[in-house]
Protein chains: 2
Amino acid sequence: MSRWRPDARQRLQQAALDLFAEQGFAETTVPAIAARAGLTTRTFFRHFADKREVLFADDAEASVLVAQLMAGAPAAAEPLTIIREGLRALAENRFEGRKAALRHRRELVRSDAGLQERDLRKRAALAEAIRDGFLARGLGAARAALLAETSVTLVYVSVAEWLDSDDDRKLDDIVGEMLAALRAEFG
Amino acid sequence: MSRWRPDARQRLQQAALDLFAEQGFAETTVPAIAARAGLTTRTFFRHFADKREVLFADDAEASVLVAQLMAGAPAAAEPLTIIREGLRALAENRFEGRKAALRHRRELVRSDAGLQERDLRKRAALAEAIRDGFLARGLGAARAALLAETSVTLVYVSVAEWLDSDDDRKLDDIVGEMLAALRAEFG
DNA sequence: GTCTATATCGCGATAGAC
DNA sequence: GTCTATCGCGATATAGAC
């Protein structure tokens, strides 16, 4: 029997999400989150670097997934093929099936400038992971950066369209359309 | 004889830049900035929303410039033409001739996560300005977003290359190369 | 776990500008 | 007189140090 109830991190996360939903992000203090989880403020900051991070804690997994995919792709694979396959895996693993939760988070992020900045940082981190993957595959710096940034653009524009739409279109189908649109634009 | 020395905003900005250079961003407190400018902390926050904003205060002008350019372009102009012309104007107006200062700012931004986030937000604001410009020209939402994000990618990847290079290449020439590279990639 | 620095913002008063 | 910039004081929350 342990001194602490388990899953402190999860409880903090849940408490935070609940309070954000109830009273908004800015109006929710860290002590309030910690109290609801039955923990101290100090413990909160041991699990999350700051209040914003609660909302993006598991976004880092996307970068890890991307790194694995890119390292595992055949040596001869074309960059564009890698991107298409990678976006498919990303859509399937990290987005599909979470539409409602992602919509909800999007609203929260829209309500606070600080959250928007953190969101952008996660996006930038994903771009870096992709860029590093291409660098590791021997591409030049500029080309790797260009491909990485464009990949992330595809993800974000597609996800936005997907979250806006009420039909049952698959995210990955939208990604395909966006890629086609991009090629039409710059072909 | 006035009660206040004029240019409070400029003095605050200069004091901040000096102190950031001397002791770093995180180590510089707002009271210290205000004191060096001969003002109070409260006055600092009336001019700048937060400590980070001092470094990016005039980035908003880029969005204004973009909005003007896009509104002024001929109705029949192709999106890609508008982008090419816009990036040329942007390079000329906001980057060319400021290489040393921009390099210095980049170092500062690299040193602090909060500054990185703010930098990304300014980048996002530029993308929004471009997207809005295309929307106003009647393009669909997805197409406008795709073109805007790609434009900003071109700017940032080009600027990074430009700041890294020690030769005298013009930023706009690098932009041209990047656009060509992008077309080669997705053509 | 406790303590504390410092960012940030609200409020009322004041001093010149127009 | 009204308007705006500034000051001075204070309150609170974040975040990090000890």
Side-chain angles (χ1 to χ4, degrees), chain A residues 2-6 8-9 11-13 15-57 60 108-109 111-122, chain B residues 1-58 108-109 111-122:
Chain A
S2 75
R3 199 142 45 102
W4 315 288
R5 287 161 57 206
R9 185 188 173 87
R11 274 187 295 139
L12 283 166
Q13 208 161 9
L17 289 175
D18 291 348
L19 287 169
F20 293 165
E22 287 170 24
Q23 24 175 266
F25 176 80
E27 293 70 27
T28 302
T29 68
V30 173
I33 297 169
R36 179 172 291 210
L39 298 164
T40 67
T41 301
R42 186 68 180 78
T43 303
F44 176 92
F45 283 109
R46 255 197 293 275
H47 287 279
F48 302 98
D50 56 46
K51 199 173 86 176
R52 284 164 239 144
E53 199 62 18
V54 181
L55 271 175
F56 301 96
L108 217 45
V109 170
S111 76
D112 184 272
L115 288 177
Q116 288 164 35
E117 296 191 345
R118 180 57 47 86
D119 190 36
L120 289 167
R121 189 136 89 85
K122 295 304 178 178
Chain B
M1 202 61 176
S2 74
R3 179 179 169 211
W4 315 290
R5 287 161 56 207
D7 298 325
R9 186 188 173 88
Q10 287 240 352
R11 275 184 294 138
L12 284 165
Q13 207 161 8
Q14 192 57 52
L17 288 176
D18 291 349
L19 287 170
F20 293 164
E22 288 169 23
Q23 24 177 266
F25 176 80
E27 292 72 25
T28 302
T29 68
V30 174
I33 297 169
R36 178 172 291 210
L39 296 164
T40 66
T41 300
R42 195 67 190 81
T43 301
F44 175 91
F45 282 108
R46 227 173 271 106
H47 287 278
F48 301 98
D50 55 47
K51 201 172 84 174
R52 281 157 246 141
E53 198 62 18
V54 182
L55 269 176
F56 300 96
D58 39 338
L108 218 44
V109 170
S111 75
D112 184 272
L115 288 176
Q116 288 164 34
E117 296 191 345
R118 180 57 48 85
D119 190 37
L120 289 167
R121 188 135 90 84
K122 296 303 179 178

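Remember, it's a predicted structure, so these values are computed and weren't measured experimentally. Within every chain, numbering begins at 1; the chains are lettered A, B, ... in the order of the sequence lines, protein sequences first and strands thereafter.
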Worksheet entry | Side-chain heavy-atom pair B:Ile33, B:Thr28 within 4.5 angstrom cut-off | yes

Worksheet item: Can you check whether B:His47 has a side-chain N or O nearer than 4.0 Å to OP1 or OP2 of D:dA5?
Response: no

Discussion item. Between P on D:dT14 and CZ on A:Phe48, what's the gap in Å once rounded to a whole number?
Written reply: 15 Å

Item to complete: Please step through side-chain contact (heavy atoms from CB on, under 4.5 Å) for the pair A:Arg121 and A:Glu117, ending with a clear verdict.
Response: CA-CA 6 Å; A:Arg121 189 136 89 85; A:Glu117 296 191 345; over 6 Å; no

Worksheet, complete the sentence: Out of C:dA7, D:dC7, C:dT8, minimum distance to the side chain of B:Leu39 belongs to D:dC7

Worksheet entry | Length of the CZ-P vector between B:Phe44 and D:dC9, whole Å | 21 Å

Worksheet item: Which nucleotide in the list D:dT14, D:dA15, C:dT8 gets nearest to the side chain of A:Pro31?
Response: D:dT14

Practice prompt. Among C:dA7, D:dT6, D:dT14, find the nucleotide with the atom closest to the side chain of A:Lys51.
Written response: D:dT14

Practice prompt. In whole angstrom, give the distance that lies between atom CD1 of A:Ile33 and atom C1' of D:dA13.
Written response: 12 Å

Worksheet item: Is a side-chain N or O of B:Asp112 found less than 3.5 angstrom from the main chain of B:Leu115, in a donor-acceptor match?
Response: yes

Item to complete: For A:Thr43, report the nucleic acid contact type (base, sugar-phosphate, nothing); a contact means any heavy atom under 4.0 Å.
Response: nothing

Worksheet item: Separation of B:Asp7 atom CG from D:dT6 atom P, in whole Å?
Response: 10 Å

Worksheet item: Can you find a donor-acceptor pair, distance only, under 3.5 Å between B:Arg42 side chain and C:dG10 base?
Response: yes

Discussion item. Whole angstroms only, please: what is the CZ-C1' distance between B:Arg9 and D:dT4?
Written reply: 16 Å

Worksheet entry | Interatomic distance where CD belongs to A:Glu27 and P belongs to D:dT14 [whole Å] | 12 Å

Worksheet entry | Whole-Å distance separating the CZ atom of B:Phe45 from the P atom of D:dC7 | 14 Å

Discussion item. It should be established whether B:Thr40 places a side-chain nitrogen or oxygen under 4.0 Å from OP1 or OP2 of nucleotide D:dC7.
Written reply: yes

Worksheet item: Less than 4.5 Å apart, any side-chain heavy atom of B:Asp119 and any of B:Phe56?
Response: yes

Worksheet item: Short question: side chain of A:Arg9, backbone of A:His47 - any donor-acceptor pair under 3.5 Å?
Response: yes

Worksheet item: Rounding to a whole Å, what distance do you find between B:Arg46:CZ and C:dG10:P?
Response: 11 Å

